[in-house]
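The figures that follow rest on heavy atoms only: side chains count, while hydrogens, waters and symmetry mates do not.
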Amino acid sequence: MPHGPADHQMPPPQHGGRPLTPPPHGREATLLPPDEAGHRGSPDSTAFMCPHCEAVLSNPAAAQCDNCLRPLRQQAPVLRVVFPSGELKISVGQHLVLGRDAGQSPVASTFTQYDNVSRRHSTVWLDPSGTAWVRDEGSTNGTFVNGERLPRGVEAPLRDGDQLRLAADVTGTVQLA
């Protein structure tokens with residue numbers, strides 16, 4: 001029986017005893033290639049990626065991405081609001097009522113000297129994504145973010161460096177770390 005070209009199968013091209021494969025693309029490009037001994041660079045064989053631009057990080061402990069220059073979070077975020085009468089610290093998932101009533105606000109002592117701050121003035125919190133929020137709880141004299149009064153019950157995001165004011169007298173600086 002004669003053999004035609006279809007009867008002969010060519011072995012895949014090889015390099016160093018290993019078959020050549022096309023270069024990976026997309027998320028597959030984040031896999032670390034095996035070294036010449038055939039071992040992977042890390043036990044799970046996945047490189048660390050920037051959560052913003054998905055670039056492979058050359059240094060997983062870096063504070064910022066070399067590609068997009070955005071900060072890389074290494075620990076759980078914390079919201080701090082620094083008022084003249086005290087600093088408040090809020091962790092992810094924690095809601096903190098700001099006001100003068102110790103029965104409703106665990107930080108009431110921070111505001112007792114200010115008569116124009118309501119007993120239950122506003123609430124601040126940090127959601128699981130690390131975004132800080134504030135909501136006015138129907139205060140008499142208002143909650144302000146960077147000079148803009150919040151309508152009652154409206155949730156507004158807070159950013160690092162924002163000014164959070166309760167009534168006319170108490171202004172705190174937002175710090176996200």
Side-chain angles (χ1 to χ4, degrees), residues 26-27 29-30 32 42-44 46-177:
R27 287 191 175 269
T30 63
L32 295 175
S42 65
D44 67 0
T46 302
F48 290 96
M49 292 178 16
C50 171
H52 309 290
C53 71
E54 295 189 353
V56 175
L57 301 175
S58 58
N59 178 5
Q64 75 178 21
C65 174
D66 292 332
N67 186 52
C68 69
L69 303 177
R70 292 179 70 180
L72 302 170
R73 290 232 158 118
Q74 299 296 323
Q75 56 191 2
V78 173
L79 167 63
R80 286 184 171 83
V81 185
V82 182
F83 289 100
S85 52
E87 178 179 315
L88 310 177
K89 183 176 167 184
I90 299 103
S91 302
V92 171
Q94 180 184 9
H95 285 66
L96 184 63
V97 174
L98 308 180
R100 292 182 296 119
D101 185 344
Q104 297 186 46
S105 175
V107 293
S109 63
T110 307
F111 306 107
T112 53
Q113 66 190 24
Y114 302 102
D115 291 340
N116 57 356
V117 172
S118 296
R119 288 175 286 146
R120 181 181 175 88
H121 199 97
S122 58
T123 301
V124 292
W125 70 96
L126 194 57
D127 72 17
S129 73
T131 302
W133 297 89
V134 63
R135 177 181 57 235
D136 183 85
E137 299 294 351
S139 66
T140 303
N141 295 310
T143 300
F144 302 79
V145 177
N146 297 326
E148 296 289 323
R149 186 172 182 157
L150 297 180
R152 176 184 187 156
V154 171
E155 298 176 351
L158 294 172
R159 291 173 182 78
D160 192 51
D162 279 353
Q163 297 296 303
L164 176 63
R165 191 176 88 219
L166 308 182
D169 297 335
V170 190
T171 301
T173 302
V174 173
Q175 297 176 351
L176 286 167

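- Expressed to the nearest 0.5 Å, how far CG of Asp115 lies from OG1 of Thr140 amounts to 12.0 Å.
- Between the side chain of Thr123 and the backbone N or O of Arg135 there is no donor-acceptor pair closer than 3.5 Å.
- Applying the side chain to side chain contact (heavy atoms under 4.5 Å, CB included) test between Pro77 and each of Val92, Ile90, Leu176 identifies Val92 as the sole match.
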> Between Val124 and Leu88, is a side chain to side chain contact (heavy atoms under 4.5 Å, CB included) present by the stated rule, with each step listed?
Replying inline: CA-CA 10 Å; Val124 292; Leu88 310 177; 5.7 Å; no
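- A donor and an acceptor atom, one from each side chain of Thr171 and Gln163, are nowhere located under 3.5 Å apart.
- At least one side-chain heavy atom of Leu57 sits less than 4.5 Å from a side-chain heavy atom of Cys50.
- Within the 3.5 Å criterion, the main-chain N or O of Arg100 finds no donor-acceptor partner in the side chain of Ser105.
- How far CZ of Arg80 is from CD of Glu87: 5.5 Å, rounded to the nearest 0.5 Å.
- Looking at Arg152, its side chain never comes within 3.5 Å of a backbone N or O of Val154 through a donor-acceptor pair.
- Taking OG1 of Thr131 as the reference point, atom CD of Glu155 lies at 12.0 Å (rounded to 0.5 Å).
- Expressed to the nearest 0.5 Å, how far OG of Ser122 lies from CZ of Phe144 amounts to 11.0 Å.
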>> Determine whether His121 and Thr143 satisfy the following criterion, side chain to side chain contact (heavy atoms under 4.5 Å, CB included), listing intermediate values before the conclusion.
In response: CA-CA 8 Å; His121 199 97; Thr143 300; 3.2 Å; yes
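- The OG atom of Ser85 sits 5.0 Å away from the CD atom of Gln113 when rounded to the nearest 0.5 Å.
- Nearest approach of Gln104 to Val97, heavy atoms of both residues: O-CB, 3.4 Å.
- Val174 places none of its side-chain heavy atoms less than 4.5 Å from the side chain of Val145.
- The closest side-chain heavy-atom distance from Leu166 to Tyr114 is not below 4.5 Å.
- In this structure, Leu79 and Gln175 have side chains that are not in contact, with every pair of non-hydrogen atoms separated by 4.5 Å or more.
- Contact detail for Asp66 and Ser58: the closest heavy-atom pair is OD2-OG, 3.2 Å.
- Side-chain atoms of Leu164 and Leu98, non-hydrogen and from C-beta on, do get closer than 4.5 Å to each other.
- Under the 3.5 Å distance criterion, the side-chain polar atoms of Asn116 are left unmatched by any main-chain donor or acceptor of Ala167.
- No donor-acceptor pair under 3.5 Å is formed between the side chain of Asp136 and the backbone N or O of Gly142.
- In terms of heavy-atom proximity, Leu150 sits nearest to Ala156 at CD2-CB, 3.5 Å.
- Atom CZ of residue Arg149 and atom CG of residue Asn141 lie 7.0 Å apart, to the nearest 0.5 angstrom.
- Note: Trp125 and Trp133 have parallel aromatic rings, judged against thresholds of 30 and 60 degrees for the angle between ring planes.
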